[in-house]
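Below is one structure, written out as structure tokens; the observations come after it.
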Amino acid sequence: MKPADTPVALGSDHAGVAMKALLKEALEAAGHPALDMGTNGPESVDYPDFADAVAQAVTGGRARFGVLVCGTGIGISIAANRHAGIRCALVHDVTGARLSREHNDANVLALGARVTGPEVALDALRAFLATPFGGGRHERRVKKLTPEWSPRP
């Protein structure tokens, strides 16, 4: 992970608190500033609130990337992808993390704390942050994901 000046925003629900803490520690140890958007305890919370906070940090320029964690990663990734300009990828391994950046220019990584082990999550985070967008043939596809694009002439 090459450090950057712009923070990485992190958010989780109660099921993802421990994994978020592990990822935050790894980011900071590698020299990445971390912007922790919560939650920080075991009390039941609503994952869309934390997906919204991270998405707003990314789209607002306060963070270069976002990392979201809930039980499976499914709900929190759906919530994040409701935001214009967010390309949140739910990944389960290093290959998915790498390809989400290389092919899809993902700007938010989602992980499931109940389905992804800590070492895999750390490896996925490292791959996500280290992989640039490939551009080329992927660029026109990513442009079709933007809110301005319409399939009609």
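Basis for what follows: all heavy atoms, side chains included, without hydrogens, waters or symmetry-related copies. A quick note: this is a predicted structure, and the numbers were derived from the prediction, not measured.
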Apart from [X] itself, what residues make up its hydrophobic cluster when side-chain heavy atoms of I, L, V, M, F, W and Y under 4.5 Å apart count as a link, directly or indirectly?
X	result
V45	F50
L90	I74, I78
I86	L35, M37, Y47, V54, V58, L68, I76, V108
V94	none

Report task. Would you mind listing every ring-ring contact (aromatic ring centres under 6.0 Å, His included) that reaches into residues 65-102, with sequence neighbours excluded? Result -> F65-F128
Report summary line: Rounded to the nearest 0.5 Å, the NE2 atom of H32 sits from the CG atom of L10 at a distance of 11.0 Å
Query raised in the report: Can you tell me how far the CG atom of L129 sits from the CG atom of L125, to the nearest 0.5 Å?
Result: 4.5 Å
Could you pull out the closest heavy-atom pair between [X] and [Y], with the gap in Å?
X	Y	value
A97	A124	CB-O, 3.3 Å
S77	G73	OG-O, 2.9 Å
A15	C70	CB-C, 4.3 Å

Query raised in the report: Got T39 and S12 here, is their nearest side-chain heavy-atom distance under 4.5 Å?
Result: yes
Report summary line: For D46, the side-chain contact (heavy atoms from CB on, under 4.5 Å) test, sequence neighbours excluded, returns P48, D49
What pairs of donor and acceptor atoms, side-chain ones from residues 109-122 against any protein atom, are under 3.5 angstrom apart with sequence neighbours left out?
from, atom 1, to, atom 2, distance (Å)
T116, OG1, G112, O, 3.3

Query raised in the report: For the side chain of D13 and the backbone of G16, is there at least one donor-acceptor N/O pair under 3.5 Å apart?
Result: yes
Quick test of your reading: applying salt bridge (Lys or Arg N to Asp or Glu O under 4.0 Å), list the pairs with at least one residue in [range], sequence neighbours left out, ordered by first then second residue.
range	result
residues 65-77	none
residues 14-28	K20-D36, K24-D36
residues 65-83	none

Query raised in the report: So which pairs with a foot in residues 97-110 pass side-chain hydrogen bond (donor to acceptor under 3.5 Å, both in side chains), sequence neighbours left out?
Result: R87-D105, R98-E102, R101-D105
Query raised in the report: By salt bridge (charged side-chain N to carboxylate O under 4.0 Å, His left out), which residues pair with D123, not counting sequence neighbours?
Result: R126
